[in-house]
K.L.:
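There's a structure below that I have some questions on.
Here is how names work: the chains are called A, B, and so on, in the same order as the sequence lines, proteins then strands, and each is numbered from 1. No hydrogens, no waters, no symmetry mates; every other heavy atom, side chains included, goes into these values.
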2 protein chains.
Amino acid sequence: MTGTIDIQERILGTRCCGDEPLTDLTATTAQELSDDFLIFGHPIRLQILHMLGRNAGQVCVCDLEAALPVKQPTVSHHLRLLREAGLIDCERQGLWAYYFINRTAVAQRWAAISAYLQPLV
Amino acid sequence: MTGTIDIQERILGTRCCGDEPLTDLTATTAQELSDDFLIFGHPIRLQILHMLGRNAGQVCVCDLEAALPVKQPTVSHHLRLLREAGLIDCERQGLWAYYFINRTAVAQRWAAISAYLQPLV
DNA sequence: AGGATATATCGATCGTTGTCAATATACTCG
DNA sequence: CGAGTATATTGACAACGATCGATATATCCT
């Protein structure tokens, strides 16, 4: 049992910390994982994904702009973040850009998030 | 089929936006949900939760400080955020504070996150 | 070509969050 | 009581993210 110290030692107060690191979740893994959470960490992005999930492939930016409480450059900004994260993609048809969700990418994020959270419950 | 317009109309270019809002995810719900994601959106907090999940009830702040690449006030800061979010709790024994994970609270966040993501895959 | 429209990008501003040194608080032990 | 230690809090600063007006780009229509 390396890395653990006797509970009695701690209660009696002779020492507190063990001498082995308590984590095998590396800093880089934690960083990547926190990015997975962060991309979902904004209400506008959640609403965008929700809309794209419900309206398969038929949503253009003006649809989104009309439904969201932010201006058009802000919508474009969040669309770009979602696109760079791979969660959505778009296809230009003439003047308009039709966005759609990448369900496989969402599933991958969900899997990574769940793999982290599951041992914690 | 209110809220949908014919795909031909869009392709032919006579109009773009429908006249019904595309979302039933309210702004307040989206805000709460994004908070659920955001609390996990930092590598230090992920590492803390990971450590607490593995070492049931026996982790004090100096354990965490020793394992993490930030100073003690920063550890305390993130512990406070996690505590205010209900994800962890602590018990002071003498000079030390022993932190432990609230698995029920984590499970609730996970459920909320999954309920949102599941329809998107 | 020229006017109109949809979307993207730029650039500035602003609020939020993370970090840490310094300090406060609370406890232990001699 | 006084020195020592663990943790929390404060306050300042830096970094980052969100937002939007202005502008650029691309396309359509006449």
Side-chain angles (χ1 to χ4, degrees), chain A residues 5 9-18 27 30-31 34-35 37-48 52 58-85 88-100, chain B residues 5 9-18 27 30-31 34-35 37-48 52 58-85 88-100:
Chain A
I5 62 176
E9 274 189 302
R10 308 185 91 144
I11 288 175
L12 292 173
T14 53
R15 65 180 306 208
C16 163
C17 299
Q31 180 64 60
S34 70
D35 288 339
F37 283 102
L38 278 181
I39 190 62
F40 297 106
H42 195 285
I44 297 295
R45 291 196 289 273
L46 293 184
Q47 289 181 286
I48 289 175
L52 297 185
Q58 302 301 326
V59 187
C60 69
V61 179
C62 56
D63 288 317
L64 298 168
E65 188 185 353
L68 295 171
V70 288
K71 301 288 184 185
Q72 178 264 324
T74 306
V75 176
S76 266
H77 170 66
H78 290 294
L79 287 172
R80 188 225 273 253
L81 294 180
L82 290 168
R83 192 157 23 86
E84 288 175 350
I88 66 176
D89 211 331
C90 69
E91 185 183 348
R92 286 203 81 124
Q93 281 183 14
L95 208 45
W96 299 318
Y98 292 100
Y99 278 85
F100 50 91
Chain B
I5 63 178
E9 272 190 303
R10 308 187 90 145
I11 288 174
L12 293 174
T14 53
R15 65 180 308 212
C16 162
C17 299
Q31 179 64 60
S34 70
D35 288 339
F37 282 102
L38 278 180
I39 190 63
F40 298 106
H42 195 285
I44 297 295
R45 290 197 289 275
L46 292 184
Q47 292 185 94
I48 289 174
L52 297 185
Q58 303 300 326
V59 186
C60 68
V61 179
C62 56
D63 287 317
L64 298 169
E65 188 185 352
L68 295 171
V70 287
K71 301 288 183 185
Q72 178 265 323
T74 304
V75 175
S76 265
H77 171 67
H78 290 293
L79 287 171
R80 190 226 272 255
L81 294 180
L82 290 168
R83 193 158 22 85
E84 287 174 349
I88 66 175
D89 211 332
C90 69
E91 186 182 347
R92 286 204 79 126
Q93 281 182 15
L95 208 46
W96 300 318
Y98 291 101
Y99 278 84
F100 49 92

K.L.:
Can you tell me the distance, in whole Å, between the CD atom of B/E91 and the P atom of C/dC27?
P.N.:
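So the CD-P distance, B/E91 to C/dC27, works out to 14 Å.
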K.L.:
Rounded to whole Å, please give me the gap between CH2 in B/W96 and C1' in C/dC29.
P.N.:
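So the CH2-C1' distance, B/W96 to C/dC29, works out to 12 Å.
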K.L.:
Specify the separation, in whole Å, of atom CD of B/Q93 and atom C1' of D/dT7.
P.N.:
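Going from B/Q93 (CD) to D/dT7 (C1'), I get 15 Å.
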K.L.:
Check the distance between C/dG18's C1' and B/L68's CG and give it to me in whole angstrom.
P.N.:
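Taking CG of B/L68 and C1' of C/dG18, I get 14 Å after rounding.
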K.L.:
If you apply the rule side-chain contact (heavy atoms from CB on, under 4.5 Å), what do you find for A/I44 with A/V70, and how did you get there?
P.N.:
CA-CA 8 Å; A/I44 297 295; A/V70 288; 4.1 Å; yes
K.L.:
What is the minimum heavy-atom distance between B/Y99 and B/V61, and which atoms define it?
P.N.:
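Closest approach of B/Y99 to B/V61: CE1-CG2, 3.7 Å.
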K.L.:
Between the two end axes of the helix from C/dA1-D/dT30 to C/dG30-D/dC1, each built from 5 base pairs, what angle do you get to the nearest 10°?
P.N.:
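Here the local axes at opposite ends form an angle of 20°.
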K.L.:
Would you indicate which nucleotide in D/dA6, C/dC10, D/dA8 comes nearest to any side-chain atom of B/R83?
P.N.:
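When the side chain of B/R83 is considered, D/dA8 is the closest of D/dA6, C/dC10, D/dA8.
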K.L.:
Just to verify, what does A/F40 make a ring pair (Phe, Tyr, Trp, His ring centres under 6.0 Å) with, not counting sequence neighbours?
P.N.:
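If we apply the ring pair (Phe, Tyr, Trp, His ring centres under 6.0 Å) test to A/F40, skipping adjacent residues, the hits are B/F37.
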K.L.:
Could you tell me which residues satisfy ring pair (Phe, Tyr, Trp, His ring centres under 6.0 Å) with A/H77, sequence neighbours excluded, listed by chain and number?
P.N.:
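For A/H77 there are no ring pair (Phe, Tyr, Trp, His ring centres under 6.0 Å) partners, ignoring immediate neighbours.
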K.L.:
Return the value, rounded to whole Å, for the distance between atom CG of A/L95 and atom C1' of D/dT27.
P.N.:
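Taking CG of A/L95 and C1' of D/dT27, I get 5 Å after rounding.
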K.L.:
Considering residues at least two apart in sequence or located in another chain, which fulfil the side-chain contact (heavy atoms from CB on, under 4.5 Å) criterion with A/I39?
P.N.:
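With sequence neighbours excluded, A/I39 shows a side-chain contact (heavy atoms from CB on, under 4.5 Å) to A/R45, A/L81, A/L82, A/A85, A/L87, A/R109, given in chain and number order.
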K.L.:
Answer yes or no: side-chain N or O of A/Q72 and base N or O of C/dA8 forming a donor-acceptor pair under 3.5 Å.
P.N.:
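In this structure, the two groups form a donor-acceptor pair.
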K.L.:
How far apart are the closest heavy atoms of A/G41 and B/S34, and which atoms are they?
P.N.:
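Scanning both residues completely, I find the closest heavy atoms to be C-CB, 3.8 Å.
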K.L.:
Looking at D/dA6, I'd like to know if its phosphate oxygens (OP1 or OP2) sit under 4.0 Å from a side-chain N or O belonging to B/Y98.
P.N.:
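For D/dA6, OP1/OP2 do not have a side-chain N/O of B/Y98 under 4.0 Å.
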K.L.:
For B/E84, check side-chain hydrogen bond (donor to acceptor under 3.5 Å, both in side chains) against everything at least two apart and list the hits.
P.N.:
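B/E84 satisfies side-chain hydrogen bond (donor to acceptor under 3.5 Å, both in side chains) with B/R80 once adjacent residues are dropped.
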K.L.:
First locate atom CG of A/D35, then atom NE2 of B/H42, and finally report the distance between them rounded to the nearest 0.5 Å.
P.N.:
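Separation between the atoms: 11.0 Å.
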K.L.:
What is the distance from CZ of B/F40 to P of C/dG18, rounded to the nearest Å?
P.N.:
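The answer, rounded to whole Å, is 14 Å.
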K.L.:
Taking only N/O atoms, report every protein-nucleotides 13-19 of chain D pair under 3.5 Å with atom names and distance.
P.N.:
from	atom 1	to	atom 2	distance (Å)
D/dA18	OP1	A/R45	NH1	3.1
D/dA18	OP1	A/R45	NH2	3.3
D/dA18	O3'	A/H42	NE2	3.4
D/dT19	OP2	A/H78	NE2	2.7

K.L.:
B/L79 has an atom CG; how far is it from atom P of C/dT17, in whole Å?
P.N.:
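Rounded to the whole Å, the gap is 18 Å.
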K.L.:
What is the distance from atom CZ of A/R92 to atom OH of A/Y98, rounded to the nearest 0.5 Å?
P.N.:
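Separation between the atoms: 11.0 Å.
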K.L.:
Ignoring the backbone of A/V61, work out which of C/dC10, D/dT7, C/dA8 is nearest its side chain.
P.N.:
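When the side chain of A/V61 is considered, C/dA8 is the closest of C/dC10, D/dT7, C/dA8.
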K.L.:
Find the distance B/R80:CZ to C/dA24:C1' and express it as a whole number of Å.
P.N.:
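For the pair B/R80 CZ and C/dA24 C1', the rounded distance is 14 Å.
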